Amino acid sequence: MGKVKLLVCFFILGNALVFSQVSDFKVAPNFDQTNNIRCYLSNVASGITQNALKDIHNLTDWEKVREERYEQFCEMMGLQGKQLSGNRPALKITKTGVIQKEGYRIEKLYYESLPGLYVPANLYIPDGIKKPVPAILYVCGHSHTQKHHYQAHAKNFAQNGFVCLIIETIQRGEVKGEHLGQESNGWFQWYSKGYNPGGVEIWNGIRGLDLLSKMPEVDKDKLGVTGISGGGSQSWYLPAIDRRVKAAAAVAGAGSLEGQITQKTIDDHCDCMMPINTYGIDFSDIGALIAPRPFMIAQTNRDLYYSLESVHTLFEKIKPIYSFYRKSDNLIMKEASGPHSYGSNEELRPEILSFFLKELSGINKSVEQIGEIDITKELSNDALKAYTISGPPKDDRTTTIQDSFVELASPPSTGNMAEFTNYKREVVTFLKKKTFGAFPKQPVPLDIRSEFRALDGSGTQRQDYSFVPEEGWRLKFSLRGRNLYDSIPSRPLLLVLRNPDEERWSSESMIAGALKDMEVAYFEARGIGETGWSPSLQWHIRRSAAWTGRTIASMRVYDVLRCLQALREIPGINTKTIHIAAQGEMAVVAAYAALLDGNVKTLLLKDPPATQNVVSDPSGRGEALEMLNSLRVTDIPQVVGLNFPNELVMVGNPSSTFEWTKNLYSNLKMPDAYLQVDKISQWVNK
């Protein structure tokens, strides 16, 4: 379990989900935790942390999967399609000034990492270099003045014989871009895009290493990376992805997922601090990709963002990988007292310098020999600016890079059945692996229970059932009809998905008249009705769920799929004629569930959102439409259309984006299967 104490629901040792990406893991529950979203997510996070690298028993095991896990990590940072190997185009560098100091000079510059994406930087070069020397890339954390705030680090490295390039983040510094999309702006669609600002920072760092590698003063085979906080996480990411990094020191940049979720330290974190967790990994999986190169993990014991215990968990998880290489001494953990910093007495700074002197320069110099390091911010922020005259280039897209860094899908042309079939196969395959990969590998027994039955004065029968969609949840659906107690299937069934916080009788009103000709089942997925959570918790849940490889919407898709399975086991249900009706937010869930199920006869959607690429309320309240990576392959109108050739009923006035859906049915010669009505009763009467 590690040293992290689970602080939710007293002390949690609950059921961890079984993921398709990780080996089986199960812990018996101590007490009933059913339908508590915090307990559930804590158990999921704990399962991910526990299972990380659990299937690796020797070097052969690791080498079999290393390249696949490397590719997966690159993808989770949004780097698919980027030139991560081979000869990249020559870097365009613009130098804007030089500051000569005693023993070294500072070159002010910026470089173009992608067309129109510029990185302000300072390059510290020791005087009197006669042969190539080691170099260090210093990656900034979340300070507002970046190169200015961290200048003492670069100065110290230069004074000790290293070339040091210090680069700014896209969020802060001379140009203010975005790291806090979900955290502050309500941009939860970043999850649907598969976009993480940390991926941009990695790419900028890779290009910074390109810059250093081409310098005549630099030994390209002796490159290091270090930073704190956001720069600390980058000091995990960069060496994991760029094998030119020969040594890395990460300060206060990572803690176990178990610690992040159960201790709620996630709530104080920037979006760049965790990948889009498509494959259910923890930071120990990232650390394993650094092995066997020298890697120092440095952490204080009173950090607001990471408990020391959660960092120890990562260290202990990574240690076996280093031992398989017989390089156990290359993995180091250094601790200090203090908050989120280099220690109360800056004691981690000499540790890091001693580390790089040994690993890159071949110099053994103890912390005592190094002594106290000067941390004075000698130069002003203005003095160190790279954009010295008229600001950044006019075509700079730092503030908008989130709109283009990851390529999104466009509505395809599906003019014939062959094109449609290929597109549907591509979308479903993608969604199963990269959007719904956290669905349990082995579904738990449904364990269907009869909860309540009644008969009203009009002859309408009611039968309530509950079932288990996955460990940690027991959900209910309520059947209404005339022939519920018959043993022979007869009338069709309409499954109605209730919405979060819907008005009383809203669902009943939507399907008014349906009971005349069919049975009706009302279903509340997790977080709806009696399993609902406080709206004030929604922001935390949306972020925590995504960090564990799922979203509120994707969990509800799974609930609906399991509900369909449960309904098909109820005696008297006509399993060949099940329809689904949903409105608003749950129309999205209905469309995805119907697509994956494949046997829903009719999909009835009222007021479905136009797209998943939509901004939410910054508080996290309201519709939670995001699903990991979905916009990389499709969007709502296309998912709705992919239910073809099953019947589609659009209720009300759908957005113009659904013209694609309507045209699909027309192009594939089944226009009658697409129906637009004002009320569902028109479809019932038809």
Side-chain angles (χ1 to χ4, degrees), residues 1-55 255-267 269 274 277-285 307 309-310 313-314 317 436-447 466-475 525-527 530-534 537-538 540-559 562 624 628:
M1 191 72 181
K3 296 182 180 179
V4 175
K5 296 295 187 283
L6 305 187
L7 302 179
V8 184
C9 298
F10 306 111
F11 180 80
I12 298 174
L13 285 172
N15 293 351
L17 282 183
V18 178
F19 294 86
S20 60
Q21 294 83 18
V22 296
S23 58
D24 290 354
F25 175 78
K26 224 177 186 182
V27 176
N30 287 338
F31 53 85
D32 186 15
Q33 306 166 27
T34 304
N35 298 343
N36 184 305
I37 188 64
R38 281 282 296 137
C39 288
Y40 170 79
L41 291 174
S42 293
N43 288 335
V44 169
S46 180
I48 291 174
T49 295
Q50 297 293 332
N51 284 308
L53 303 173
K54 189 179 179 183
D55 56 342
S256 71
L257 192 63
E258 179 180 62
Q260 296 280 357
I261 304 302
T262 62
Q263 296 168 334
K264 291 189 75 175
T265 56
I266 180 180
D267 288 359
H269 271 304
M274 184 71 190
N277 206 0
T278 308
Y279 299 101
I281 69 164
D282 204 347
F283 260 82
S284 50
D285 296 279
S307 68
E309 293 82 2
S310 74
T313 297
L314 298 181
K317 278 284 188 177
F436 303 116
F439 283 1
K441 184 178 180 180
Q442 297 294 334
V444 299
L446 289 166
D447 189 21
S466 70
F467 68 97
V468 177
E470 63 175 320
E471 291 183 12
W473 295 95
R474 176 167 285 278
L475 304 177
R526 72 187 74 183
E530 63 185 59
T531 68
W533 47 72
S534 168
L537 193 60
Q538 181 96 332
H540 167 81
I541 294 168
R542 291 173 80 167
R543 299 184 80 230
S544 296
W547 281 34
T548 64
R550 65 209 65 225
T551 65
I552 292 174
S554 72
M555 290 187 287
R556 287 171 176 164
V557 169
Y558 188 67
D559 292 342
R562 294 286 279 166
L628 298 190

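Because the structure is predicted, anything quoted here is derived from the model rather than measured.
Between R562 and V444, the closest side-chain pair of non-hydrogen atoms falls below 4.5 Å. Between I541 and R38, the closest side-chain pair of non-hydrogen atoms is not below 4.5 Å. Residues F467 and L475 are in side-chain contact: their nearest non-hydrogen atoms beyond the backbone lie under 4.5 Å apart.
Counting only distance, with no hydrogens or angles, the side chain of K317 and the backbone of K54 share no donor-acceptor pair below 3.5 Å. Within the 3.5 Å criterion, the main-chain N or O of S42 finds no donor-acceptor partner in the side chain of S46. At least one donor-acceptor pair closer than 3.5 Å links the side chain of T49 to the backbone N or O of E258. Distance alone, capped at 3.5 Å, places no donor-acceptor pair between the D447 side chain and the V468 backbone. Side chain of N35 to backbone of T531: no donor-acceptor contact under 3.5 angstrom is found. In this structure a side-chain-to-backbone donor-acceptor pair under 3.5 Å is missing from D285 to A52. Remark: side-chain polar atoms of N277 are paired, donor with acceptor, to backbone N or O of W547 under 3.5 angstrom. Under a 3.5 Å cut-off, the side chain of R543 and the backbone N or O of H269 do form a donor-acceptor pair. Looking at R526, its side chain never comes within 3.5 Å of a backbone N or O of R556 through a donor-acceptor pair.
What you find for A624 and A553 is that their closest heavy atoms are O-CB, 3.5 Å.
Note that CH2 of W473 and CG of N36 are 7.5 Å apart. Values are rounded to the nearest 0.5 Å. In this structure, T548 OG1 and M555 CE are separated by 7.0 Å, a value rounded to the nearest 0.5 Å.
At least one cation-pi condition fails for R550 and Y558: the charged atom is not both under 6.0 angstrom from the six-membered ring centre and inside a 45 degree cone around its axis.
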